[in-house]
Amino acid sequence: MIDVPPPISGPSAWYGPDMANRSEWVESLSPAELAEIESASRRLALTEADWATLTRDDFPLPTLSPRLTRILDEVLEARGFVLLRGLPVDCWGRRLSAIAFLGLGLHCGRLRSQNRHGHLLGHVKDVGLTSQDPSVRIYQTKERQHYHTDSCDVVGLLCLQPAKAGGLSSLVSSVTIFNEMRASRPDLARVLFEPIETDRRGEIPAGQKPYFSIPVFNWYEGLLSTIYHRSYIDSARRFPEVAPLSPPQVDALDLFDALANDPAIHFQMGFQAGDIQVVHNHALLHDRTAFEDWLEPDRKRHLLRLWLAPENARPLPPVFAERYGSVIPGQRGGIEVPGTRHTIPWDANPGQS
C-alpha cells in the first residue's frame, strides 16, 4: 500500500480568501525597470534572434535581474505565483511587448515548446473552436478551463487585452487540496498517488502512447508535485486499452475537483492589460472562467503564454519523464513530437494556436 505523506505546512499551503486579502504577490515595475526592459527589447527587435538558443545574457537587465531572481525564488519555493504589473503594452504595441515578455521569461528559465508546432510563444485566444473536438485544447476556446496544470515547471501569461466580461484567472494550492483530502478522506488521497492515464490530445512524442500515466499526487524528495487535468483524464477513456475509471478513482477525482472549486480554498484575480502572471505548476493549479468577448477583432481577449524550465527547479520523480521528456532541470517540459521545429508565432493563427 502506498504511504501517504504527512500534512504539509509552509508558504505553499495557502487558502484563497487569505491570499486575496494580501498584496505582496503584486510586483509593480518601476519606470527605470521598464526603460531597461524597453532598451533590451528594442535591441533584440533589430536582430533575427533564434529564441530557442537565447539565454538571460542575451536580454541584459542589470537593475531588474536581481529582483527577478528573488521573485522566481518566491514562485518556486514559497507561495507559487506572482503578478508583475505595469508593462505598457498599449504604448509598445504587440510585437515589442511580446519581445519584452520573451526576454523576461529568459530570466526565469529556458523556453519550452507549447504544442506540436513547436511554438515557444503561445496565444491564449478564442479562435472559435470547441473542446468537444479531441484535438482541441481548451485555451483555444472561450470555455471555462477548469483547474489544471500545464506540462512545464513554470507558466507565464501576459495580458494584451482583457475580455469584455469574465475570463478571470483562478489559482488554488494543490498542497492545500492534498492537506484537505488527507484530513477528510485519506483513503481517497491515497488513490491519487497511483498512476492514472491522461490524454495527450493528439500530441504524441516518438515512441509514446497517445496518453501518459502519472499519479496526480507525487511525493518525491520531501516535496509534493501535482499534475492534473480532469478533462483529459476523462477523455483518455476514449482509447480502448484504457480502462474506465474505477469508483474509488471517480470519488477521489470528484473530491479533488470539489475542493479546488471551493471558494474557501481558491481565489480569483482579474487581469489588466500589461499584467504578467507567473505560476509554479507543481504546487498550484490554475483555471480561467468562461468569458464574453468584444465584437471588434482588435479588442478580443488575448493573452500571450510562456512555458519555462528554470535551471533551479525542484527535483521531479522519474515518472515525470513520460510527460516532460526529461526530469533534468532546465531541459524538461514542453511538447516535442516528430517534426516539431521551434518557432515564435508573433500573431495568433487559428490553424496553429
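The structure presented is a predicted model; accordingly, all values stated were derived computationally and were not measured. Computed from heavy atoms alone, side chains included, the values below leave out hydrogens, waters and symmetry copies.
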Would you say N115's side chain and G118's backbone share a donor-acceptor pair under 3.5 angstrom?
yes
Please check this pair: side chain of R237 against backbone of E197, looking for a donor-acceptor N/O pair closer than 3.5 Å.
yes
Do L104 and L61 make a side-chain contact, defined as non-hydrogen atoms from C-beta onward lying under 4.5 Å apart?
yes
Flag the pair M19 / R79 as yes when at least one side-chain heavy-atom distance between them is below 4.5 Å, and no otherwise.
yes
Between S235 and R201, what is the shortest heavy-atom contact and its length?
OG-NH1, 3.3 Å
For the atom pair CG (N312) and CG (D153), what is the distance rounded to the nearest 0.5 Å?
9.5 Å
Pairing residues for F81 by the ring-ring contact (aromatic ring centres under 6.0 Å, His included) criterion, not counting sequence neighbours:
W14, W25, F267
Indicate if V82 and L157 have the same hydrophobic cluster label, given that clusters are the connected sets of ILVMFWY residues with side-chain heavy-atom separations under 4.5 angstrom.
no
On a heavy-atom basis, which atom in L120 and which in I344 lie closest, and how many Å separate them?
CB-CD1, 3.6 Å
Classify the side-chain pair D257/Y228 by whether it contains a donor and acceptor separated by less than 3.5 Å.
yes
For a quick test of reading the model, state the closest non-hydrogen atom pair linking N281 to T149 and the distance between them.
O-CG2, 3.3 Å
Should we count CZ of R341 as having more than 12 external heavy atoms under 6.0 Å?
no
Kindly say whether I335 contributes a backbone atom to a donor-acceptor pair with the side chain of S113 at under 3.5 angstrom?
yes
Exactly one of H286, H266, H229 should register a side chain to side chain donor-acceptor pair (under 3.5 Å) with Y147. Which one does?
H266
Just by distance, no angles: are the side chains of E336 and H342 close enough, under 3.5 Å, to form a donor-acceptor pair?
yes
Give, for atom SG of C159 and atom CG of L87, the distance between the pair rounded to the nearest 0.5 Å.
11.0 Å
Tell me, with the steps shown, if V191 and D251 meet side chain to side chain contact (heavy atoms under 4.5 Å, CB included).
CA-CA 9 Å; V191 169; D251 289 346; over 6 Å; no
Do any side-chain atoms of residues 30-46 form donor-acceptor pairs under 3.5 angstrom with protein atoms, and if so which ones, sequence neighbours left out?
| unit_1 | atom_1 | unit_2 | atom_2 | d |
| --- | --- | --- | --- | --- |
| S30 | OG | E33 | N | 3.1 |
| S30 | OG | E33 | OE1 | 3.3 |
| E33 | OE1 | S30 | N | 2.9 |
| E33 | OE1 | R67 | NH1 | 2.6 |
| E33 | OE2 | R67 | NH1 | 3.1 |
| E36 | OE1 | T63 | N | 3.2 |
| E36 | OE1 | L64 | N | 2.9 |
| E36 | OE2 | T63 | N | 2.9 |
| E36 | OE2 | T63 | OG1 | 3.0 |
| E38 | OE2 | R42 | NE | 2.9 |
| E38 | OE2 | R42 | NH2 | 3.0 |
| S41 | OG | I37 | O | 2.8 |
| R43 | NH2 | D58 | O | 2.6 |

Verify side chain to side chain contact (heavy atoms under 4.5 Å, CB included) between I276 and L83, making sure each step is shown before the conclusion.
CA-CA 6 Å; I276 296 175; L83 189 73; over 6 Å; no
Does D18 reach the main-chain N or O of Y15 with its side chain, forming a donor-acceptor pair under 3.5 Å?
no
Side chain to side chain contact (heavy atoms under 4.5 Å, CB included) between T343 and H117, intermediate numbers included:
CA-CA 8 Å; T343 184; H117 305 290; 5.6 Å; no
Which pair of heavy atoms, one from P215 and one from N218, lies closest together, and at what distance?
O-ND2, 2.8 Å
Heavy-atom side-chain contact between D287 and L285 under 4.5 Å
no
For a 4.5 angstrom cut-off between non-hydrogen side-chain atoms, does R230 reach D254?
yes
Dump the intermediate steps for side chain to side chain contact (heavy atoms under 4.5 Å, CB included) on L188 and L192, then the final yes or no.
CA-CA 7 Å; L188 296 183; L192 296 188; over 6 Å; no
Considering only heavy atoms from C-beta outward, does the side chain of R112 approach that of R332 to under 4.5 Å?
no
In Å and rounded to the nearest 0.5 Å, what is the OG1 to OH distance from T198 to Y211?
11.0 Å
So do the side chains of C108 and V75 get within less than 4.5 Å of each other, counting heavy atoms only?
no
For the residue pair F193 and F178, categorise the inter-ring angle as parallel (less than 30°), tilted (30 to 60°) or perpendicular (more than 60°).
perpendicular
Between L284 and V154, is there a shared hydrophobic cluster once you connect ILVMFWY residues whose side-chain heavy atoms come closer than 4.5 Å?
no
Would you compute the distance between atom CD1 of I233 and atom NE2 of H148 and round it to the nearest 0.5 angstrom?
12.5 Å
Using modelled atom types only, decide if a donor and an acceptor are shared between the side chain of E203 and the backbone of R116 within a distance under 3.5 Å.
yes
Identify the heavy atoms of R305 and D150 that sit nearest to each other, and give their distance.
CD-OD2, 4.2 Å
Donor-acceptor pairs are to be reported for all side-chain atoms of residues 49-57 against protein atoms at under 3.5 Å, with residues two or more places apart or in another chain.
| unit_1 | atom_1 | unit_2 | atom_2 | d |
| --- | --- | --- | --- | --- |
| D50 | OD1 | A52 | N | 3.3 |
| T53 | OG1 | D50 | O | 3.0 |
| T55 | OG1 | D57 | N | 3.3 |
| R56 | NH2 | S65 | OG | 2.8 |

In residues 313-329, what donor-acceptor pairs under 3.5 Å come from side-chain atoms, sequence neighbours left out?
| unit_1 | atom_1 | unit_2 | atom_2 | d |
| --- | --- | --- | --- | --- |
| R314 | NH1 | L224 | O | 2.8 |
| R314 | NH1 | S225 | OG | 2.9 |
| E322 | OE2 | S213 | N | 2.7 |
| R323 | NE | S151 | OG | 2.7 |
| R323 | NH2 | S151 | OG | 3.1 |
| Y324 | OH | C152 | N | 3.2 |
| Y324 | OH | C152 | O | 3.0 |
| S326 | OG | I328 | N | 2.9 |

Members sharing Y220's hydrophobic cluster (side chains within less than 4.5 Å)
none
Gap between atom CG of L68 and atom CG of L29 - 0.5 Å precision:
8.0 Å
I177-V175 co-clustered via ILVMFWY side chain contacts under 4.5 Å:
yes
For a quick test of reading the model, state the closest non-hydrogen atom pair linking S173 to S12 and the distance between them.
OG-O, 2.6 Å
Main-chain N/O of L72 paired to H107 side chain as donor or acceptor, under 3.5 Å:
no
Does the ring centre of Y232 sit less than 6.0 Å away from the ring centre of F212?
no
Between R200 (side chain) and K209 (backbone), is there a donor-acceptor pair under 3.5 Å?
yes
Going hydrophobic residue to hydrophobic residue with side-chain gaps under 4.5 angstrom, can you get from L84 over to L171?
no
Check the hydrophobic clustering (I, L, V, M, F, W, Y; side-chain heavy atoms under 4.5 Å; chains of links allowed) and say if V278 and I71 are grouped together.
yes
Any side-chain heavy-atom pair of L160 and L304 under 4.5 Å:
yes
Show every ring pair (Phe, Tyr, Trp, His ring centres under 6.0 Å) that has at least one partner inside residues 53-76, sequence neighbours left out.
none
State, yes or no, whether a side-chain contact exists between L303 and Q277 at a heavy-atom distance under 4.5 Å.
no
How far does CG of L245 sit from CG of D234, to the nearest 0.5 angstrom?
6.0 Å
Any donor-acceptor N/O pair, S174 side chain to A283 backbone, under 3.5 Å
yes
